[in-house]
Colleague: 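I have a structure I would like to understand better, so I am pasting it below and will then ask my questions one at a time.
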Protein chains: 2
Amino acid sequence: MTRTLADPDLDAAAAFASDAASDGLAVSVVGACRVRFTGRAERRLPEGVRQLLWKPDDTLLVHGESGRDPDAWASGGAVAVEVERASGHASDDRLVVKSDGGAADALRVRFSAVHAATAFDPASADATVSGTESDLKERVLANPDLVEPGFRPLATERETPAGRVDVYGRDADGNVVAVELKNGRAGPSAASQLERYVTALRRDLHADATVRGILVAPGVTEKTRRLLAESGLTFSDVS
Amino acid sequence: MTRTLADPDLDAAAAFASDAASDGLAVSVVGACRVRFTGRAERRLPEGVRQLLWKPDDTLLVHGESGRDPDAWASGGAVAVEVERASGHASDDRLVVKSDGGAADALRVRFSAVHAATAFDPASADATVSGTESDLKERVLANPDLVEPGFRPLATERETPAGRVDVYGRDADGNVVAVELKNGRAGPSAASQLERYVTALRRDLHADATVRGILVAPGVTEKTRRLLAESGLTFSDVS
DNA sequence: TCGTAGATATCGCCT
DNA sequence: AGGCGATGTCTACGA
């Protein structure tokens with residue numbers, strides 16, 4: 001199923017890539033190229049050796065020396081391969097792989113040389129995941145005292161004009177409580193988010209209702225702790 | 001500089017990958033593998049053909065069938081390669097590439113078979129980028145009327161207890177103005193952010209100062225527009 | 001399709 | 001090293 005080509009000429013590489021793509025395979029191309037992206041932004045990469053990965057869903061990824069994120073990419077567009085013939089020497093020919101996204105986004109990768117190409121039938125993701133914010137929600141519902149002693153959850157994802165409250169309930173004194181969960185260390189945006197929910201609930205509910213906000217996370221930054229205090233909100237540590 | 005190996009046995013692949021890594025090269029390995037990540041979350045990928053990219057900065061990427069983001073990854077850890085010997089048949093041996101990040105993050109990729117391996121000397125990113133929020137700031141400073149007629153910018157990235165205001169200035173009437181820039185369509189978090197800044201400035205400045213907030217972006221969602229209105233904030237469209 | 005919010009977010013800047 | 005906010009964020013999930 002997997003096919004490999006070493007040091008092909010550009011015509012061979014182009015044929016190899018298009019054949020693989022029409023067979024529903026992923027193609028990895030390693031070679032010297034220039035890259036240009038235009039659309040939501042403009043980006044250019046100078047001549048250099050990179051790896052291009054062309055997935056069966058027509059995602060294009062250009063990876064260079066470092067980092068988790070690609071140096072350039074395109075997704076959602078139609079991908080085309082061609083060999084640009086130079087008028088002079090054949091050594092000026094270029095293998096061009098390009099994606100033309102619908103919304104003005106366009107990526108063009110121009111190879112002056114291809115060192116290796118591999119085609120393979122890739123596995124779908126189908127991953128098992130745990131340890132996310134949704135797991136934290138399960139934990140809180142199973143053990144509401146994590147929020148605070150006496151807390152009783154009444155709903156999850158409750159709608160407000162400002163967005164959905166992760167967990168909605170009442171405290172031991174019967175006050176309305178909005179709980180915002182964060183899976184990691186909480187920053188200022190979490191405090192703002194919670195404040196928006198609390199403000200929206202105060203407006204929506206009867207004027208005599210007391211609405212409290214509790215941020216539940218395994219840690220909080222100092223500035224965020226201060227912001228919470230200034231807004232009369234509570235932090236509950238679940239480390 | 002670029003080297004390729006087709007259908008190597010696991011020992012050859014292991015030697016190839018470690019040699020390439022010690023030469024400061026990037027290595028692409030295509031083969032059948034299982035993947036496990038533990039740390040901030042847990043994730044497992046079942047047996048399947050994927051591409052592993054091992055960059056010189058010890059970033060590991062595992063790419064499958066679709067999507068721009070890798071199905072699994074690790075960065076910042078030390079990467080090790082080894083062949084796990086099975087007690088029975090040699091066909092039960094596994095090529096293991098693993099990254100042990102400092103903070104409990106660990107990625108392990110176990111290949112049962114390697115179909116192709118390529119080593120190459122990758123180019124550094126060194127990209128030219130434009131069209132970002134910082135470009136929008138340039139535009140606003142060059143032409144303050146984009147914010148509103150008569151606006152005069154006085155500072156950028158002005159510090160407040162709630163964070164840095166993108167552009168700080170005064171309007172035609174001499175009122176203090178906090179400007180928040182968004183490069184894309186602005187959502188509720190942008191409104192919250194601006195409100196935090198305005199509140200902080202009102203607290204910091206003399207009580208008699210009027211502080212206004214203006215969100216400048218190429219569009220805004222409906223809910224956000226309502227949030228802005230409720231907080232007495234202004235939206236300025238720069239499409 | 002649009003809006004909203006999470007993510008093993010990553011990345012870059014500044015303290 | 002940690003906080004903070006942008007990102008061509010991407011991606012999943014609802015309305």
Side-chain angles (χ1 to χ4, degrees), chain A residues 37-43 59 61 66-76 101 103-107 125 127 129-137 157 159-160 162-166 180-190 192-193 196-197 219-225 227, chain B residues 36-43 59-62 66-77 99 101-107 125 127 129-137 157 159 162-166 180-190 193 196-197 219-225 227:
Chain A
F37 169 81
T38 55
R40 281 169 288 182
E42 288 232 358
R43 182 178 298 220
T59 300
L61 303 176
S66 67
R68 179 227 186 229
D69 289 345
D71 291 345
W73 70 94
S75 59
D105 281 358
L107 179 70
V129 195
S130 64
T132 66
E133 181 179 299
S134 131
D135 287 311
L136 178 56
K137 180 158 55 178
E157 306 300 334
E159 289 288 348
T160 77
R164 277 174 234 161
V165 177
D166 285 337
E180 172 64 23
L181 305 173
K182 286 296 162 195
N183 193 36
R185 192 140 211 243
S189 65
S192 293
Q193 199 179 346
R196 276 196 287 127
Y197 298 154
V220 67
T221 66
E222 198 45 48
K223 183 176 283 192
T224 306
R225 189 186 290 279
L227 287 169
Chain B
R36 190 182 64 152
F37 171 81
T38 54
R40 282 168 287 184
E42 288 232 358
R43 180 177 296 225
T59 300
L60 291 181
L61 304 175
V62 179
S66 67
R68 179 228 187 223
D69 287 345
D71 291 344
W73 69 96
S75 58
S99 165
D105 281 359
L107 177 71
V129 194
S130 65
T132 67
E133 180 178 300
S134 127
D135 286 310
L136 178 56
K137 180 156 56 176
E157 306 301 334
E159 289 287 350
R164 272 174 236 163
V165 177
D166 285 338
E180 173 63 24
L181 305 173
K182 288 294 165 197
N183 193 37
R185 191 139 213 244
S189 66
Q193 197 179 349
R196 276 198 285 127
Y197 297 155
V220 67
T221 67
E222 198 44 49
K223 184 176 285 192
T224 306
R225 189 185 290 278
L227 287 169

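Every value quoted in this text rests on a predicted model; they were computed, and no experiment measured them.
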Colleague: For Gly39(B), which contact category applies under a 4.0 Å heavy-atom criterion: base, sugar-phosphate, or nothing?
Modeller: nothing

Colleague: Within the structure shown, what part of the strands sits under 4.0 Å from Glu42(B) by heavy-atom distance: base, sugar-phosphate, or nothing?
Modeller: nothing

Colleague: Under 4.0 Å from a heavy atom of chain B: give me the 5'-most and 3'-most nucleotides of DNA chain D that qualify.
Modeller: dG5(D) to dT11(D)

Colleague: Which residue, Ser189(A) or Gly67(B), contacts DNA chain D at a nucleotide closer to its 5' end, judged by nearest heavy atom?
Modeller: Ser189(A)

Colleague: Only one of Thr59(B), Asp105(B), Leu60(B) passes side chain to side chain contact (heavy atoms under 4.5 Å, CB included) with Ser99(B); say which it is.
Modeller: Leu60(B)

Colleague: Strictly below 4.0 Å, N to O, side chains only: are Asp71(A) and Arg43(A) in salt-bridge contact?
Modeller: no

Colleague: Any non-hydrogen side-chain atom of Arg68(B) less than 4.5 Å from a side-chain atom of Asp69(A)?
Modeller: yes

Colleague: Return the minimal non-hydrogen interatomic distance between Thr224(A) and Gly187(A), and the atom names on each side.
Modeller: OG1-C, 3.0 Å

Colleague: Mind checking which nucleotides bracket the chain A contacts on DNA chain C, 5' to 3', with an atom under 4.0 Å from a heavy atom?
Modeller: dA5(C) to dC11(C)

Colleague: What's the gap between dA9(C) and dA5(C) when it is taken at their C1' atoms, as a whole Å value?
Modeller: 13 Å

Colleague: Write down the distance separating the P atoms in dG8(D) and dT4(C), rounded off to the nearest Å.
Modeller: 22 Å

Colleague: Indicate the atoms forming the closest heavy-atom contact of Pro188(A) with Thr221(A), along with that distance.
Modeller: CD-OG1, 4.4 Å

Colleague: Identify whether any heavy atom of Thr132(A) sits under 4.0 Å from a base atom; if not, whether one sits that close to sugar-phosphate; answer base, sugar-phosphate or nothing.
Modeller: sugar-phosphate

Colleague: Here's a test of your reading of the structure: between Asp166(A) and Ser75(B), which maps to the more 5' nucleotide of DNA chain C?
Modeller: Asp166(A)

Colleague: Verify, without hydrogens or angle tests, whether Arg164(A) (side chain) and Glu159(A) (backbone) share a donor-acceptor contact under 3.5 angstrom.
Modeller: no

Colleague: Any base atoms under 4.0 Å from Ala162(B), or only sugar-phosphate, or nothing? Heavy atoms, all strands.
Modeller: sugar-phosphate

Colleague: Regarding Glu159(A), tell me which of base, sugar-phosphate or nothing describes its non-hydrogen contacts under 4.0 Å with the strands shown.
Modeller: nothing

Colleague: Can you work out whether Arg68(A) or Ala41(B) has the more 5'-proximal nearest nucleotide on DNA chain C?
Modeller: Ala41(B)

Colleague: Determine the contact category for Glu157(A): base if any of its heavy atoms lies under 4.0 Å from a base atom, sugar-phosphate if only primed atoms, P, OP1 or OP2 are that close, otherwise nothing.
Modeller: nothing

Colleague: Is it true that Glu180(B) and Arg196(B) have a side-chain N and a carboxylate O under 4.0 angstrom from each other?
Modeller: no

Colleague: At their closest point, which heavy atom of Ala162(A) faces which heavy atom of Leu227(B), and how far apart are they?
Modeller: CB-CD2, 4.5 Å

Colleague: Which is more 5' along DNA chain D, the nucleotide nearest Arg185(A) or the one nearest Arg43(A)? Just name the residue.
Modeller: Arg185(A)

Colleague: What's Ala74(B) touching, base or sugar-phosphate or nothing? Going by heavy atoms closer than 4.0 Å.
Modeller: nothing

Colleague: Check Val165(A), Asp166(A), Asp135(A) against Leu181(A) for a side chain to side chain contact (heavy atoms under 4.5 Å, CB included) and give me the one that passes.
Modeller: Asp166(A)

